[in-house]
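Take a look at the structure set out below.
The figures here come from the full heavy-atom set of this structure, side chains too, leaving out hydrogens, waters and symmetry mates. Keep in mind it's a predicted model, so treat the numbers as computed, not measured.
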Amino acid sequence: MVSQIAITATSEVGDTTERGRTVVGPSGMWTFLAIDAMGFAGLFIAYGVLRVRADVWPDPRSRIALAPAAAMTFALLASSLTMTLATRAASARVRQAWLDATLALGVAFLAGAGVEYHHLLGGAAPMGLSADLFASTFYLLTGFHGLHVVAGVIGIGFMFRAKASAQAVETMALYWHFVDAMWMPIFSIIYLWPTR
């Protein structure tokens with residue numbers, strides 16, 4: 001009886017059932033993203049407060065290279081396009097091809113982040129996590145976002161094994177677009193926001 005009520009309740013808010021189990025659809029993903037957005041908002045507010053109150057804040061361009069970060073940004077934005085094309089694909093084969101492209105671009109973003117971290121930690125003047133407030137907030141924001149990209153890549157990988165339905169791809173697309181959208185303020189405030 002309780003499971004029937006749960007299935008009926010989720011069906012009424014846009015989620016579906018498959019073979020007697022509840023499948024979280026777009027409404028569940030929107031709820032998760034609203035909560036997750038609060039986590040990102042807290043980090044952005046903390047970054048802003050720390051930066052404004054700091055006596056000295058280093059010029060980001062003296063420590064981190066803009067060109068690789070711009071390439072990473074391009075890969076992430078392109079992956080948003082390929083994910084949109086996957087949701088609009090007319091056949092499962094075409095959908096799979098666009099998901100392959102999305103996965104490859106997500107992995108390219110992560111590889112770029114890994115190269116950037118390796119360069120920052122192993123360069124002539126290494127920038128460790130506790131070097132200063134800039135380093136701490138840089139690693140916190142980019143690392144938190146990177147974990148979200150890893151989760152998205154894993155999610156897309158599981159979709160390959162499960163031969164995902166169109167609704168599952170649409171639900172995953174909500175998450176992927178959210179992750180892409182969260183990168184834009186990170187890129188802007190860390191890499192582009194000039195010092196005072």
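F187 and V115 fall into different hydrophobic clusters, defined by Ile, Leu, Val, Met, Phe, Trp and Tyr side-chain heavy atoms under 4.5 Å apart, directly or through other members. Cluster annotation: M72 is connected to L121 through the hydrophobic network of ILVMFWY side chains, with a link wherever side-chain heavy atoms come within less than 4.5 Å. Note: the hydrophobic cluster containing Y191 also contains L77 (ILVMFWY, side chain heavy atoms under 4.5 Å, direct or indirect links). If you chain together hydrophobic residues whose side chains sit under 4.5 Å apart, M172 and L81 never meet in one group. Hydrophobic clustering keeps V153 apart from L147 (ILVMFWY residues linked when any side-chain heavy atoms are closer than 4.5 Å, directly or through intermediates).
Among all heavy-atom pairs drawn from S80 and D180, the shortest one is CB-OD2, 2.9 Å. In terms of heavy-atom proximity, G128 sits nearest to A135 at O-CB, 3.2 Å.
Under the ring pair (Phe, Tyr, Trp, His ring centres under 6.0 Å) criterion, F40 pairs with F144, H148, F178, not counting sequence neighbours. Residues passing the ring pair (Phe, Tyr, Trp, His ring centres under 6.0 Å) test with F109, sequence neighbours excluded: H145, W183. With sequence neighbours left out, the side chain to side chain donor-acceptor pair (under 3.5 Å) criterion links Y139 to no other residue.
Proximity of the aromatic rings of W57 and Y47 is defined here by a centroid distance below 6.0 angstrom, and this criterion is met.
Atom CG of L133 sits about 11.5 Å away from atom CG of L140, to the nearest 0.5 Å. Once rounded to the nearest 0.5 Å, the distance linking CD1 of I189 with CZ of F138 reads 11.5 Å. Taking CG of L50 as the reference point, atom OG1 of T137 lies at 7.0 Å (rounded to 0.5 Å). Atom CD of E116 is separated from atom OG1 of T142 by 6.5 Å, given to the nearest 0.5 angstrom.
Residues W193 and P60 have side chains not in contact (no heavy-atom distance under 4.5 Å, counting atoms from C-beta outward). At least one side-chain heavy atom of W176 sits less than 4.5 Å from a side-chain heavy atom of V149.
Without hydrogens or angle criteria, S79 side chain to L76 main chain gives a donor-acceptor distance under 3.5 Å.
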Output a table of donor-acceptor pairs, distance under 3.5 Å, between side-chain atoms of residues 61-68 and any protein atom two or more places apart or on a different chain; print 'none' if there are none.
| from | atom 1 | to | atom 2 | distance (Å) |
| --- | --- | --- | --- | --- |
| R61 | NH2 | L192 | O | 3.4 |
| S62 | OG | D59 | O | 2.6 |
| R63 | NH1 | D132 | OD1 | 3.2 |
| R63 | NH1 | D132 | OD2 | 2.9 |
| R63 | NH2 | D132 | OD2 | 2.5 |

Identify all side-chain donor-acceptor contacts of residues 92-105 below 3.5 Å with residues at least two apart in sequence or on another chain.
| from | atom 1 | to | atom 2 | distance (Å) |
| --- | --- | --- | --- | --- |
| T102 | OG1 | T82 | OG1 | 2.7 |
| T102 | OG1 | M83 | N | 3.2 |
| T102 | OG1 | W98 | O | 2.9 |

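Hydrophobic clustering, defined by side-chain heavy atoms of Ile, Leu, Val, Met, Phe, Trp and Tyr closer than 4.5 Å, groups V49 together with I45.
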